[in-house]
Amino acid sequence: MNTVIATRGLTKQFKNHTAVDSLDLQVPQGVVYGFLGPNGSGKSTTMKMLLGLTQPTAGEIDLFGQRLTPTTRAELLPSIGSMIEAPPGYGHLTGWENMQIVRSMLELAEPQIERAFATVRLTEHKHKLVRNYSLGMKQRLGIAMALAREPAMLVLDEPTNGLDPSGIEEIRSLLVDLAGEGITVMVSSHLLDEIDKMATVLGILSSGKMIFQGTRDQLFQHSIPDVVIETPDPESAGRLVEGATVVPEGISLSGLDKDKTAGLVKYLVDADVSIYQVRRVQQSLEDVFMDLTGRSGLL
Ligand SMILES: Nc1ncnc2c1ncn2[C@@H]1O[C@H](COP(=O)(O)OP(=O)(O)OP(=O)(O)O)[C@@H](O)[C@H]1O
């Protein structure tokens, strides 16, 4: 699979604060890449560097296999459509009038505009004033503006922010469809749930550092499912085992590998604790994140 965005040691320093810290991003072609991290973790700053809107303090950016430099930017950046921060668009103009501004700035043809409206399912609302659009429609207009030039890649900063569940679902299915057509979509969010349902590849930022990058399955491989030991007297078993959580059917422990589990079972049997059953509990993605971030509940 080709890599559309590759960075090495990408860093942005604001005075003595490192907002983005030695990032090695790998965004494969034709996927939805979910760029996840809490507010302030450096997602917007990273995206701005990828789009040439902010100069990196250090590091390199390759777009479509070519180094982004002052010389190559005019050639590379038109292949990326973007929406960073609030959706664009003048409220006192209609969607169509807003798109005409984009059309003339980028010297696009009218059919490209019509296709972009159709893709985001705004054709029937294109003659409404943007100030009368719902937030979801404004976001979709922003995506249409980014799509009008028919880019190979879309970079969208929190496009589902503030939307209700049906608005989120609309954007989600739109982005998944676009990736199905071969457009690479990099989308940021601070909400795990929103990203999980649309992204094939995840990049997770915490305090400017990438703490995980890969597929959902690879993320699950990072986790060790909790062990539940069923016993008739959970309270007594809980007192014997440091770090155990007492649950109705027994005790539960996190992060125990096979050997530690075997050792614990032996210890409990030697201590005359009756064991009815030992089982692993499938973790949710939320639990895996908690493990990854040291249970600090970052997301
Ligand atoms: N122009 C700037 N000058 C100084 N500090 C900045 C500037 N832009 C961003 N920062 C700081 O860099 C850090 C990362 O901010 P950034 O906006 O990239 O995070 P984010 O993950 O996109 O969060 P959010 O979702 O809240 O936008 C924050 O601590 C922010 O305060």
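Counting convention: from 1, in listed order, for ligands and their atoms alike. Computed from a predicted structure; not experimentally measured.
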>> Between K209 and D21 (salt bridge meaning N to carboxylate O under 4.0 Å), is one present in this structure?
In response: yes

> Considering only the protein, which heavy-atom contact is closest to atom 29 (O) of ligand 1, and what is its distance?
Replying inline: H17 NE2, 3.2 Å

>> In this structure, does ligand 1 have an atom that sits under 4.0 Å from one of the heavy atoms of K48?
In response: no

>> Under 4.0 Å from a heavy atom of K43: which atoms of ligand 1 are those, numbered in the order shown and with their elements?
In response: 18 (O), 19 (O), 20 (P), 21 (O), 22 (O), 23 (O), 25 (O)

>> Apply salt bridge (charged side-chain N to carboxylate O under 4.0 Å, His left out) to residues E169 and K197 and explain how you reach the verdict.
In response: CA-CA 9 Å; E169 186 46 46; K197 294 201 184 91; over 6 Å; no

> Which residue owns the protein heavy atom closest to atom 2 (C) of ligand 1, what's the atom, and how far is it?
Replying inline: F14 CE2, 3.4 Å

>> Between T231 (side chain only) and S274 (backbone N and O only), is there a donor and an acceptor less than 3.5 Å apart?
In response: yes

> Of all the non-hydrogen atoms in the protein, which one sits nearest to atom 19 (O) of ligand 1, and at what distance?
Replying inline: G42 N, 3.1 Å

> Short check: is a protein heavy atom less than 4.0 Å from atom 6 (C) of ligand 1?
Replying inline: yes

> Where is the nearest protein heavy atom to atom 15 (O) of ligand 1: which residue, which atom, and how far?
Replying inline: T45 OG1, 3.8 Å

> Heavy-atom distance under 4.5 Å between the side chains of K48 and I84, does that happen here?
Replying inline: yes

>> Whether D226 and R280 form a salt bridge (side-chain N of Lys/Arg under 4.0 Å from carboxylate O of Asp/Glu) is what I want to check.
In response: no

> Would a distance-only check, ignoring hydrogens and angles, find a side-chain to backbone donor-acceptor pair under 3.5 Å from T18 to V20?
Replying inline: no

>> Could you work out, with salt bridge (charged side-chain N to carboxylate O under 4.0 Å, His left out) as the rule, every residue matching E97, not counting sequence neighbours?
In response: none

>> Looking at atom 31 (O) of ligand 1, tell me if a protein heavy atom falls under 4.0 Å from it.
In response: no

> What protein heavy atom sits nearest atom 17 (O) of ligand 1, and how far off is it?
Replying inline: S44 CB, 3.7 Å

> Is any NZ, NE, NH1 or NH2 atom of the basic residue among R121 and E170 found under 4.0 Å from an Asp or Glu carboxylate oxygen of the other?
Replying inline: no

> Going by an N to O cut-off under 4.0 Å, is there a salt bridge joining E194 and R172?
Replying inline: no

> Backbone or side chain, does any N or O of G40 fall under 3.5 Å from an N or O of ligand 1?
Replying inline: yes

> Under 4.0 Å from any heavy atom of P38, which atoms of ligand 1 are there?
Replying inline: 21 (O)

> For M47, is the nearest heavy atom under 4.0 Å from an atom of ligand 1?
Replying inline: no

> Quick one: nearest non-hydrogen protein atom to atom 12 (O) of ligand 1, plus distance?
Replying inline: A19 CB, 3.2 Å

> Hey, what's the ring geometry for Y133 with H125, parallel, tilted or perpendicular (30° and 60° as the breaks)?
Replying inline: perpendicular

>> Suppose I only count heavy atoms of E158 and a 4.0 Å limit; which atoms of ligand 1 are within that range?
In response: 25 (O)

>> Tell me whether ligand 1 is touched by S41 - counting only heavy atoms on the residue side and a distance under 4.0 Å.
In response: yes

